[in-house]
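Note sheet for the following structure.
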Number of protein chains: 2
Amino acid sequence: MVKRISHSESRCGVARPLDAIGDWWSLLIVRDAFDGLRRFGEFQKSLGLAKNILAVRLKNLVAHGILETVPASDGSPYHDYVLTEKGRGLFPVLAALRQWGEAFFFEPGEKHVVLVDKKHGQPVRKLELLAQDGRVLGPEDAEVRRQPLRH
Amino acid sequence: MVKRISHSESRCGVARPLDAIGDWWSLLIVRDAFDGLRRFGEFQKSLGLAKNILAVRLKNLVAHGILETVPASDGSPYHDYVLTEKGRGLFPVLAALRQWGEAFFFEPGEKHVVLVDKKHGQPVRKLELLAQDGRVLGPEDAEVRRQPLRH
DNA sequence: CGCTTACGGTTTTAATTTGCAACCACGAGA
DNA sequence: TCTCGTGGTTGCAAATTAAAACCGTAAGCG
């Protein structure tokens, strides 16, 4: 979006994603895409953002391989925007963000929605980072490390 | 940051967090805070962003209760910025974002870092949304639902 | 056919935000 | 006293965002 060059020569695993979805609207567009919205007009109505901004954001998401355009499912002369594999990979990010929002951005007692397991209608478990052996890892238990390539 | 009023009267559990951390730099500041950075200068050196921008971001994160200022640990006349409980709650978000970045933003073979379990040095498990009964939930298996208040 | 509407944008223009650079304030040392 | 390091603030130019008007195509209708 903007020529944002990190001070280190190559962007890290957190900064690169932010280039793709690090603005206010993009993640909301992706969320709506998970909710089944596909058309320009659907996104615009749902989000209430200016059409030029939406056009730029969609273009950006497509450029980053998060959405792709497919021929319109209803025969109209336009196209649909659908999530790619990469885009669907954002599901845990969105879930984590939502859980954090639900936990910290609502007054106790303020009504809000929660993520539930569709099958049983029960709230989902809180997302937790787990080690291979199943231990729950907190911020102090994990670190980034250069991984020996194996392929 | 900006008076962004969603078309629906009250912001949802995804949009509210984005008001707090939905800009390019804020999450990177939080990540650095998880890495133990505490001082204005440390953040600035690490991220390489303009001082005025950093000042505004830090102020915003403090205003949102994600960081708080504490008297400097080294006796200098300034203060440290440390994560609050709410801020530490962002750990899964950051982990999810990092895993997504690692999975989709690097060429195969391009060297990059991965999150590892500090204790055993092994890569962590991929974050997964789980139902109460332990089933892994994909985008189609979960939905948002108004939760009956219970307290 | 001629008129109107819906859809999916693009263009124009103004307001807001960003980022660089210069400046300021304060305390510690020399 | 002079200078330096730290932690900002201020001014200003450039980039981004947002609102609104406009455009082109296709469909619906009388």
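All chains are named by letter (A, B, ...) in the order of the sequence lines, taking the proteins before the strands, and each is independently numbered beginning at 1.
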> What is the distance from CG of Leu18(B) to P of dT17(D), rounded to the nearest Å?
Replying inline: 15 Å
> Roughly, in whole Å, what's the span from CH2 in Trp25(A) to C1' in dT16(C)?
Replying inline: 15 Å
> Within this structure, what is the NZ-to-P distance between Lys51(A) and dG24(D), rounded to whole angstrom?
Replying inline: 14 Å
>> Under 4.0 Å from OP1 or OP2 of dC7(C): is there any side-chain N or O of His79(A) that close?
In response: no
> In whole angstroms, how far is the P atom of dA6(C) from the CG atom of Asp74(A)?
Replying inline: 16 Å
> Of Ala50(A) and Pro77(A), whose closest DNA chain D nucleotide lies nearer the 5' terminus?
Replying inline: Ala50(A)
> Between dT10(D), dT10(C), dT18(C), which one does the side chain of Asn52(B) approach most closely?
Replying inline: dT10(D)
>> Considering every strand and a 4.0 Å limit on heavy-atom distances, what is the contact class for Tyr81(A): base, sugar-phosphate, or nothing?
In response: sugar-phosphate
>> By nearest atom, which of the nucleotides dT10(C), dG5(D), dG11(D) is closest to the Ala55(A) side chain?
In response: dT10(C)
>> Considering only residues two or more places apart or on different chains, which pairs with a residue in residues 27-61 of chain B satisfy ring-ring contact (aromatic ring centres under 6.0 Å, His included)?
In response: Phe34(B)-Phe91(B)
> Over how many whole Å does the gap from Leu58(A) atom CG to dT10(C) atom P extend?
Replying inline: 10 Å
>> Expressed as a whole number of angstroms, how long is the span from Lys59(B):NZ to dG8(D):P?
In response: 8 Å
> Between dG8(C), dT18(C), dG7(D), which nucleotide gets closest to the side-chain atoms of Phe40(B)?
Replying inline: dG7(D)
> Is any side-chain N or O of Trp24(B) closer than 4.0 Å to OP1 or OP2 of dT18(C)?
Replying inline: no
>> Can you tell me if Arg39(A) touches the phosphate of dC7(C), counting only side-chain N or O atoms and a distance under 4.0 Å to OP1 or OP2?
In response: no
> What is the distance from CG of Leu54(A) to P of dA20(D), rounded to the nearest Å?
Replying inline: 17 Å
> In whole Å, what is the span from the OH atom of Tyr78(A) to the C1' atom of dG9(C)?
Replying inline: 9 Å
> Linking I/L/V/M/F/W/Y whenever their side-chain heavy atoms sit closer than 4.5 Å, directly or via other members, would Leu37(B) and Ile53(B) fall into one cluster?
Replying inline: yes
>> I'd like to know if Arg135(B) and Asp133(B) make a salt bridge, using a cut-off of under 4.0 Å between side-chain N and carboxylate O.
In response: yes
Show me the donor-acceptor pairs within less than 3.5 Å that the side chains of residues 96-108 of chain B make with the rest of the protein, sequence neighbours left out.
unit_1	atom_1	unit_2	atom_2	d
Gln99(B)	OE1	Leu127(B)	N	2.8
Gln99(B)	NE2	Arg125(B)	O	2.9
Trp100(B)	NE1	Lys86(A)	O	2.9

>> Determine whether Arg88(A) and Glu68(A) satisfy the following criterion, salt bridge (charged side-chain N to carboxylate O under 4.0 Å, His left out), listing intermediate values before the conclusion.
In response: CA-CA 12 Å; Arg88(A) 284 190 295 276; Glu68(A) 61 184 343; over 6 Å; no
